[in-house]
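Every chain is numbered from 1 and lettered A, B, ... according to where its sequence line falls, protein lines coming before strand lines.
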Amino acid sequence: MEKIVASIKGTRDFYPEDMAVRSWLYAKLREVSESFGYQEYEGPFLEKIELYAAKSGEELVKEQAFVFPDRGGDLITLRPELTPTLARMVAQRQHQLTYPLRWWSFGPFWRYERPQKGRTREFFQWNIDLIGTNSPEGDAELVAICATFFKDVELKPEQVGIFVNDRRLMDSQLMKIGITSDALRKTVFKLIDRRDKMHPTEWDAFSIESGLTLAQLTNLKKILDNRELWKESPELTRVFAALDSLGVSAYVHFDPQIIRGLDYYTATVFEARDLDREGRAILGGGHYDNLVEAVGGDPLPAVGFAMGDVMIRLVLEKYGCLPEFKPAPADILVTVFEPSLSNHSLKISSSLREAGFKILCFTEESKLPKQLKFADKMGIRFVVIVGPDEFAAGKATVKDLAAHQQSTVPVSDILPAIRQWLA
RNA sequence: GUGGGCGUAGCUCAAUGGCAGAGCGCUACACUGUGGAUGUAGAUGUUGUGGGUUCGACCCCCAUCGCCCACCCCA
């Protein structure tokens, strides 16, 4: 035997049972997206590196994108995220589209990172964006979509939460404590992001090292520990009021430590996590004003988020929210008793198929017990048996593997018999 | 890119320098026109790879490849 060629690091094989989960998730995302009036779209999987150059986080582009030369020598990127593509698609037809746009997508992305729990190199992402409105209510809609998705897959508010903040609020708060330069503010944003990952004393030391005065550090901690801080932001006040009206407040929390890594967010930012802080963020998003302009269009505000399939699947598994997927390929197995009866069985299977059932008919010569065992293992509930006796009488034996019952009926009564058992 | 852990049957894992094993799964039979259960029997390994130490290596050492986990970053 030849040695099996290994798959590419960080990719996943979707065997039928995995594919069933992916399709189930896709269907849920479609349901939620469409219930809010969003339309599905898709972009190319390959893009030029320039598309990401100024917009995404620097590390994302320089270190984590899959980039390779094509046969003509041009540098090609496997898309690491969708938002720049979306911005380009909007910019290209900026004056033909009807705003606000509500668009969603579910497709593959690639990042050249070391795989670990909840992270692969090839993954699927749900992207959903509202483009062309600037209202806090629009931002709230996206948060509500997340919450509605959680509700739909039966993740409870005690299990997952969506944490919301506003970069403008943080900007003004930092301004108040004398952090005025862009460079220092950026540094402080990174600091805030890391606070939960470090020991408090280490974090204090690190903050001072990063250029904060002792007074600024004390004030910063006051800001970050103030759960009522959102009341000082008229926008966040409206966001939370809208979320209340949308009936999803139970999932939503204010958190001044949410900053998000992508550089293009300008206002509201949010992420969802497992409430016992396990694993990485389930999804992340926010409001971005400059992206369409950055790819050559006119300025256009937008808000959106992305959810990866890897982390959400871990969370759904953890909380028992995945249905049991027994990917039964068919409703009924039509057995072939012996080669001479093969065409008779094929005829029966064809007519059953026309009635709208999923029918599998044996094409291999094998013994009846083997065919029954096959049906059992594949989760096919009903079996039709036509041996010489039934054939001579114009009948067929129908067997219900789940209920351990069978009866011999005229061929035309196969479906009525099965429907009766199903009822 | 940095740090840690692990590679033994199809799968999950034992075997602490002395004959490579178990459970599950698989195959056959009991049951030659009936699946899940039960019983009996059977098959399967260059112990990831290459070196080294040793009378002797799954075990110790070195290298290498692969996987997992954490950091970084992020979905």
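Residue contacts shown for A/F124 are absent, as no nucleic acid heavy atom lies under 4.0 Å away. Within the nucleic acid shown, A/L401 comes within 4.0 Å of at least one base atom, counting heavy atoms only. Heavy atoms of A/T120 sit under 4.0 angstrom from at least one base atom. A/I312 comes within 4.0 angstrom of no nucleic acid atom, judged by non-hydrogen atoms across all strands.
Across A/I145, A/I312, A/V32, a single residue satisfies side-chain contact (heavy atoms from CB on, under 4.5 Å) together with A/F150, and that is A/I312.
With both ends at atom P, the span from B/G7 to B/C59 equals 11 Å, rounded to whole Å. Across B/G4 and B/A43, the matching P atoms stand 45 Å from one another, rounded to whole Å. Rounded to whole Å, the separation between the P atoms of B/U2 and B/U8 comes to 26 Å. Comparing the same atom, P, in B/A9 and in B/U44 gives a spacing of 15 Å after rounding to whole Å. As rounded to the nearest Å, B/G18 and B/C60 have C1' atoms that lie 15 Å from one another. Of the P atoms belonging to B/A22 and B/A14, the separation is 16 Å, rounded to the nearest Å.
One finds no side-chain N or O of A/R114 lying less than 4.0 angstrom from the OP1 or OP2 phosphate oxygen of B/A70. Put simply, A/Q116 has no side-chain N or O that comes within less than 4.0 Å of OP1 or OP2 on B/C68. An OP1 or OP2 oxygen of B/C67 is reached within less than 4.0 angstrom by a side-chain nitrogen or oxygen of A/K9.
Closest to the A/L368 side chain, of the nucleotides B/G33, B/C73, B/G35, is B/G33. Nearest nucleotide to the A/K373 side chain, out of B/G33, B/G35, B/A28: B/G35. In the set B/G33, B/C73, B/A75, B/C73 carries the atom at the smallest distance from any side-chain atom of A/R280. Nearest to the side chain of A/T397, among B/A75, B/C73, B/U34, sits B/U34.
Within 3.5 Å, no donor on the side chain of A/E338 pairs with an acceptor on the base of B/G33, nor the reverse. Residue A/R111 places no side-chain atom within donor-acceptor reach of the base of B/C74, judged by atom type and a 3.5 Å distance cut-off alone. On a pure distance criterion of 3.5 Å, a polar donor-acceptor pair joins the side chain of A/Q406 and the base of B/U34.
Where A/G10 and A/R273 meet RNA chain B, the nucleotide closest to each residue was compared, and A/G10 sits on the side nearer the 5' end. Between A/A403 and A/V386, the residue anchored nearer the 5' end of RNA chain B, judged by the nucleotide with its closest heavy atom, is A/V386.
Less than 4.0 Å separates RNA chain B from at least one heavy atom of each of the following residues of residues 301-308 of chain A: A/A306, A/G308.
Atoms CG and CG, from A/L86 and A/L291 in turn, are 8.0 Å apart once rounded to the nearest 0.5 Å.
The heavy-atom pair separating A/D225 from A/R195 by the smallest distance is OD1-NH1, 3.1 Å.
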With a 3.5 Å cut-off and sequence neighbours excluded, list the donor-acceptor pairs that the side chains of residues 185-192 of chain A form with protein atoms.
| residue | atom | partner | partner atom | Å |
| --- | --- | --- | --- | --- |
| A/R185 | NE | A/D171 | OD1 | 3.0 |
| A/R185 | NH2 | A/D182 | OD1 | 2.9 |
| A/T187 | OG1 | A/A183 | O | 3.0 |

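Between A/F149 and A/W126, the two ring planes are tilted [angle within 30° to 60°].
Judged by ring centres under 5.5 Å apart and planes tilted less than 30 degrees, A/F123 stacks against the six-membered base ring of B/A75.
In this structure, A/R194 is positioned above the aromatic face of A/F206, its NZ or CZ under 6.0 Å from the six-membered ring centre and within 45° of the axis.
Inspection of the A/Q125 and A/R79 side chains reveals no N or O donor paired with an N or O acceptor under 3.5 Å. In this structure, a donor-acceptor pair under 3.5 Å is absent between the side chains of A/Q64 and A/R111.
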